[in-house]
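Written out below as structure tokens is the structure these notes cover.
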Amino acid sequence: MTVLFDADHAATELGVKRRSQTSVGEVRDAAVADLFADFAAAREAGRPDMEALVLDHAYALDPLLVDELLGFDYPAAA
């Protein structure tokens with residue numbers, strides 16, 4: 001995850017430059033994308049325990065994400 005990488009380099013020149021060029025919206029979008037990827041991987045692996053952890057994290061970020069995650073891989077209604 002990019003945020004963890006940035007935290008590792010926060011005191012470096014690279015970290016300062018990256019933070020100055022990254023918006024809050026970009027960080028949030030990356031976090032949401034990571035949640036979808038983690039949820040899909042947990043579902044594919046048959047890990048309901050991991051799915052639940054991702055859903056808990058999603059709820060903390062935005063409660064509406066839970067519904068989106070639960071329905072993201074269902075076929076769309078015609």
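Counting begins at 1 with the first residue of the sequence.
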Heavy-atom closest contact (R43 atom, E51 atom, distance): CA-OE2, 3.3 Å

Separation between CG of L55 and CG of D67, rounded to the nearest 0.5 Å: 10.0 Å

Derivation and outcome, side chain to side chain contact (heavy atoms under 4.5 Å, CB included), residues L53 and D38: CA-CA 10 Å; L53 288 173; D38 292 345; over 6 Å; no

All side chain to side chain donor-acceptor pair (under 3.5 Å) counterparts of D49, not counting sequence neighbours: R47

Positive for side-chain contact (heavy atoms from CB on, under 4.5 Å) with V54, one of D34, V66, L35: L35

Pairing residues for Y59 by the ring-ring contact (aromatic ring centres under 6.0 Å, His included) criterion, not counting sequence neighbours: none

Partner set under side-chain contact (heavy atoms from CB on, under 4.5 Å) for D62, not counting sequence neighbours: R28, L64, L65

Same cluster (ILVMFWY, side-chain, under 4.5 Å), L61 and F39: yes

